[in-house]
Structure formats: structure tokens, C-alpha cells
Enquirer: 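Here's a structure for you.
These figures come from a predicted structure and were not determined experimentally. Below, read A as the first sequence line, B as the second, and so on, with proteins coming before strands; counting in each chain starts at 1. Side-chain atoms are counted along with the backbone in the values below, which use heavy atoms only and exclude waters and symmetry mates.
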Amino acid sequence: MTRVKKYLSLVRGSILEGLVFRTSLIVSIIGNLLYLIIIYFLWKAIFDSSPTDVVNGMTFYDTMIYLVLASAMFQFMDTFVVWAIGRDYQSGQIVEYLVKPMDYQAYIFFAGIGNSIVAFFITFLPTFIIIYFVTHGSIVLGMNLVFFAISLICSIVVNFCVDFFVGTICLYTQSIWGVNIMKEIVVGLLSGATVPLAFFPEKFRMVVDFLPFQAIYHSPLRILTDQKMTGADYADVLGMQLLWIVVTLLISKLFWKKSVRKMMVNGG
Amino acid sequence: MEKEKNGFAFYAHIYKKILIQDLKSKMSYRADFIISTIGMLFTNVAGFITFWLIFQNFPQISGWTYHEMLFLYGFSMLALTPVQCFFDNNWNLSRAIHSGDFIKYCFRPINLFFYYMSEVFDIKGLGQFAFGIGTLAYSWNKLGLPLSFRNIAGLIIGVLSASLFMIALMNFASALHFWIVGATSVMILIFKFKDYARYPITIFNKFFQFVFSFIIPIGFMTYYPSLFILHQERISILTYLTPVFGIVFVYLSYLFWMKGARQYSGTGS
């Protein structure tokens, strides 16, 4: 019971923290709207130039939903894990966390999740509703929403494990910015968040399918936009995500354990 | 030789001195420098790949071909180099203000804005510059544009004037720190405009063409100035007004920044 309690208090703390920065939440809503406008006109121009309405199985509205929600997902899932680990390490504060009776990885996860919850309600949900109306109700509101929610939770965990792995790299390099930007680019491109995976050439696609990144953005967004999915398809997508959770969690834990032993902290 | 205290030579001299110090301190974190430069290159290559992926599926975007889009992209990277290289310290303003460190800039007998900005020269921008030149040269060649004096001069003037818009926007955004808490989110929002600058403004409808020209000046960051070389038949009056608007806009942002800086009273520490 105390185990759960200590994590719950972390979550509560980070929710309150998230609510303090209201300016940034309002600004991020404006940013999302602007992104929506740009994506709308860019992809409208792209689809208008195409002889067919459906390209690689995706309509203009599907693409809109996919890309705008990918951006909104990025905002609520990005809890600056790489920065948190990098800074804890560089300042030496990491030592304090290591002696506490709490797993560092779990600590970082729960200390960020509150922010995600706040951002989910304040930026993701409004964006979802806006995109629903902009695309004239192209999102099917049925059982797929339940699968979408489950998939989204899986996404958060896979994304966190990838972030934690990359954050651990900061124990070896003196760079946070550089490591973090590389991660953002690689994840953004290979997860479909920049260009939907359906538009990738086949060879590219085969490689991407074997990487964990598509389990972050592509999986939930496919569930939302692909209306031809059967029960078996859902099971397939969610099963793959679960597999990636296990794999990324294991790898990031092992990497952390190995790195912490070698870590050297100056002062602090 | 006694240099005049507010002349250009005096400031150039100081800038050089501060720049060398900054580079020395950066070089002591060599791994960070190398990784950050590679990271910057990643962001540039990613933009390239995005266009490549889109054009794998679509032959053109409302009349714009792959190489024309790459031209705009290369142009935008060049135009965004100055803000990255010379004005990167805007990102540290929040910390300087809230920790109280900012007060030290207020006590020097040189221009406050100049002194603050001179403290950081971001070398990562040079990688972007090189990649921008490469992209531009590639598309220039593929499009068969003449390498005339007119085009070269137009490119240099165009890039320089286009660069002023992002500089001005970032000055405005960072100066908000003097008045409100949480202005970093505004900076992040505005910094994203640079990603939108690479698209031809003609993809928008009339209303948003107006918005992205006169309210959020994204059109001036690449589209209008690049028309001078890319599509001479489409040159608008706004192409020629880019340098004028740019200078006025930067000057206004400077005044705004200085207004905030002058009323800064420190943190008492």
C-alpha cells in the first residue's frame, strides 16, 4: 500500500506543477491551432495535386487527423525525460535519488505523468474535438476509441522507455541538447509523426516496422484512422505494442543498471 | 590608438574578444559540441527526407516541384542561420532574469542588447549554413537557374533581409520574460515558425496568405525574397519591401527588448 502511495503523491505533485504553468498551456493550444492550419493547407494542396482522393489508403482527412493528433500526442507525452536525467546527472543531484528507497526509473516516470495528465485534458482533448469537427466527423466514435485509449497508454510507456534509454546516454556524453534533438528527429520520422508511415516506400517501411518507434505514434493513430480494421487487427497492433513495452522496458532497465555502476559524479 | 566608444570598430573589437572566450569555453566540452552539431544536422536532413517522402507519392504540390521546394528549403536554412548563430542567447534570458544574473549586463558602459547577445555564438548554426548552401546549390543546378550577378546579389540581399524577421520575432518573444513568467513557451511557439517558412505561401487561401504576410510574417522568411531568383514572373512588391520591413521590424524588436531590460530591477541577490 505504501508503495502505491508514494507514487501517487508524486503524480499529485506533478499535476499541481502542471497546473501552475497555465500560460504555457494556452500558448501550446494556440501553437496546435497554427500547426493545424499549416497542415490543413499543406496537405490539402498535396491531395489536390493528386489524381486520386485516396493515396496509399489514406484520405486527406485521415492524414489530417493522423498528423495533428501526432503533434498533440507529442506534447502531452514529452515530459522532458532526457533533460531531467541529464540535468540530475550534471548537477550531481542524481546521487540523492539513488539513495532513496525508490526506483529511479519509476520516480522519473511518475514525476512526469502528472504533467501528461494535465496536458492531456487541456491540450490533447480540445485538439481532438477541434480536429473532429474540422474533418466533419471523420473519426468513427465507437469501440475503436476504447482500443485507441488502450493503445495510447501503451504509447506513453514505450515512449517513456525510449526516452529513459536516451536519457541514460547522457551519463556518457556531456551533451543533453544534442542527444535529445537526435532522439526527437529519429522518433518523429520513424514513428510516422512527421509523414504518415503509409506514405513510406516499401523498403523503408519494412525497416521501420521492425523498430519500436512505430509503436509510439503509428499504432494508436492507425487504430483511429483505419476503418477497415478487424478484431484480429486490433489484437495484432496492441499485441505488438505490449511486446515493445516488454522489450524497451527490459533494455532501458539493463542499460541503466550497467551505466549507474560506471557513473562518476563530480561534487553535487 | 584610441577607439571611439560607440563606433562600429569598437563594437567589432569587443565582439571578437567575447567570441573567442565563448569558443574557448565551448571547446572544453568537446563531446557536447560535436554531438550538438550532429544533432543540428539531423534536423536539417530530416526536413530533406520529409520532402523526399512526400514527393515519392505526389509529383508536385499545387504547381511546386520537388526541386523548387528544395530551393525554398535551402533558402530558409540560410535565412535562419543568423538568428541561430548570433542571437541564441535569447534562450538563456529566462534563467538570467530569474536568477538575477542579468543585472551584470546593466552595469557595463556598452550597449546592453549588444553585450548580452555577443556572449553566445552558436556554432551549430554553421552546420545548418553549410547544409543550406548544399541544398540550395543542388536545387539551383537542377532547376537550371543562371548563375548571374543579379541572382547572386539577389540571394545575398534576400537571405540577409529574410533573416531579420526571425531575429525580430525571437527578440520580441524573449523580451516577454521581462514582464511575464512562462514566456519560454511563447519562444518555442515562435521558433516553430521557422519550420513553416519553407512552404510556398501560395498553398494558403487568401485570408491566411494575408495573415502569414502581415500578422505572422512567415512569408517574408523565405517565400517573397526567394521569388526574386526562383520565379521572376511572380515577383511582388513585397519582394522588394522585404529589406525595408525587416530593418523596421528588427529595430522595433530592439526597442521592445531594451524597454524590458531598462525596467529590470534585479532579484535583490
Enquirer: With a 4.5 angstrom heavy-atom cut-off, is it the side chain or the backbone of A/Val55 that approaches chain B, or both, or neither?
Expert: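 Side chain of A/Val55 only, per the 4.5 Å heavy-atom cut-off to chain B.
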Enquirer: Return the minimal non-hydrogen interatomic distance between A/Ser49 and B/Gln60, and the atom names on each side.
Expert: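 Residues A/Ser49 and B/Gln60, closest heavy atoms: CB-O, 3.1 Å.
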Enquirer: Can you tell me which portion of B/Phe204 sits under 4.5 Å from chain A's heavy atoms? Options are side chain, backbone, both or neither.
Expert: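 Both the backbone and the side chain of B/Phe204 come within 4.5 Å of chain A.
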Enquirer: Can you establish whether the number of heavy atoms outside A/Met206 located under 6.0 Å from its atom CE is more than 12?
Expert: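 No - once you tally the heavy atoms of other residues, nucleotides and ligands closer than 6.0 Å, there are 12 at most.
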Enquirer: Heavy-atom count check: over 12 atoms from other residues, nucleotides or ligands less than 6.0 Å from A/Tyr61 OH?
Expert: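 Above 12, so yes.
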Enquirer: For the residue pair B/Ile49 and A/Leu189, what are the closest heavy atoms and their distance?
Expert: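 Distance-wise, the nearest heavy atoms are CD1-CD1, 4.0 Å.
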Enquirer: Verify the neighbour count for atom CD of B/Glu233: are there more than 12 heavy atoms of other residues, nucleotides or ligands below 6.0 Å?
Expert: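 Check passes, neighbour count above 12.
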Enquirer: With a 4.5 angstrom heavy-atom cut-off, is it the side chain or the backbone of A/Ile185 that approaches chain B, or both, or neither?
Expert: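 Looking at A/Ile185, just its side chain touches chain B.
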Enquirer: Measuring from atom CD1 of B/Ile216 to atom CD1 of A/Ile37, what distance do you get when rounded to the nearest 0.5 angstrom?
Expert: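 Answer rounded to 0.5 Å: 7.5 Å.
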Enquirer: Go through A/Leu42, A/Ile176, A/Val186 and name the one with the most non-hydrogen pairs under 4.5 angstrom from chain B.
Expert: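 Option with the top pair count is A/Leu42.
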Enquirer: Mark yes when over 12 heavy atoms from residues, nucleotides or ligands other than B/Arg234 sit less than 6.0 Å from its CZ; otherwise mark no.
Expert: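 Enclosed.
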Enquirer: A/Val179, A/Ile46, A/Ile181: which one forms the most heavy-atom pairs within less than 4.5 Å of chain B?
Expert: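 Winner by heavy-atom pair count: A/Ile46.
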Enquirer: Less than 4.5 Å to any heavy atom of chain B: does that hold for the side chain of A/Asn56, its backbone, both, or neither?
Expert: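 Contact with chain B involves the side chain of A/Asn56 alone.
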Enquirer: Got a second to check how far B/Asn205's CG is from A/Lys44's NZ, nearest 0.5 Å?
Expert: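 Here the interatomic distance stands at 9.5 Å.
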Enquirer: Kindly indicate, with the supporting measurements, whether the criterion side-chain contact (heavy atoms from CB on, under 4.5 Å) is fulfilled by B/Ile54 and A/Phe199.
Expert: CA-CA 7 Å; B/Ile54 292 175; A/Phe199 294 109; over 6 Å; no
Enquirer: Mind ranking B/Ala183, B/Ala46, B/Ser36 by heavy-atom pairs under 4.5 Å with chain A and telling me who comes out on top?
Expert: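 The option with the most such pairs is B/Ser36.
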Enquirer: To the closest 0.5 Å, what do you measure between CZ (B/Phe212) and CD1 (A/Ile38)?
Expert: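 It is 4.0 Å, given to the nearest 0.5 Å.
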Enquirer: Looking only at heavy atoms, which two atoms of A/Gly31 and B/Leu189 are closest? And how far apart?
Expert: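 Minimum heavy-atom separation between A/Gly31 and B/Leu189: CA-CD1, 3.1 Å.
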Enquirer: With only heavy atoms counted, which part of A/Tyr40 is less than 4.5 Å from chain B, the side chain, the backbone, both or neither?
Expert: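 For A/Tyr40, no heavy atom lies under 4.5 Å from chain B.
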Enquirer: Answer whether the closest heavy-atom distance between the side chains of A/Trp177 and B/Met40 falls below 4.5 Å.
Expert: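 Sidechains of B/Met40 and A/Trp177: in contact.
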Enquirer: Evaluate the ring planes of B/Trp52 and A/Phe204, with Trp represented by its six-membered ring, and classify them as parallel (under 30°), tilted (30 to 60°) or perpendicular (over 60°).
Expert: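 Geometry flag for A/Phe204 against B/Trp52: tilted rings.
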Enquirer: Describe, in one word, how the ring planes of A/Tyr35 and B/Tyr196 are oriented to each other, choosing from parallel (under 30°), tilted (30 to 60°) and perpendicular (over 60°).
Expert: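 Taking B/Tyr196 first and then A/Tyr35, their aromatic rings sit tilted (interplane angle of 30° to 60°).
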Enquirer: Where is the tightest heavy-atom contact between B/Ser185 and A/Val27, given as atom of each residue plus distance?
Expert: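 Closest approach of B/Ser185 to A/Val27, heavy atoms only: O-CG1, 3.5 Å.
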Enquirer: Under a 4.5 Å cut-off applied to non-hydrogen side-chain atoms, are B/Asn57 and A/Pro201 in contact?
Expert: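 No - every pair of side-chain heavy atoms lies 4.5 Å or more apart.
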Enquirer: Tell me, yes or no, whether the heavy-atom count around B/Arg95 atom CZ, taken from other residues, nucleotides or ligands under 6.0 Å, exceeds 12.
Expert: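 No, the 6.0 Å shell around CZ holds no more than 12 heavy atoms from other groups.
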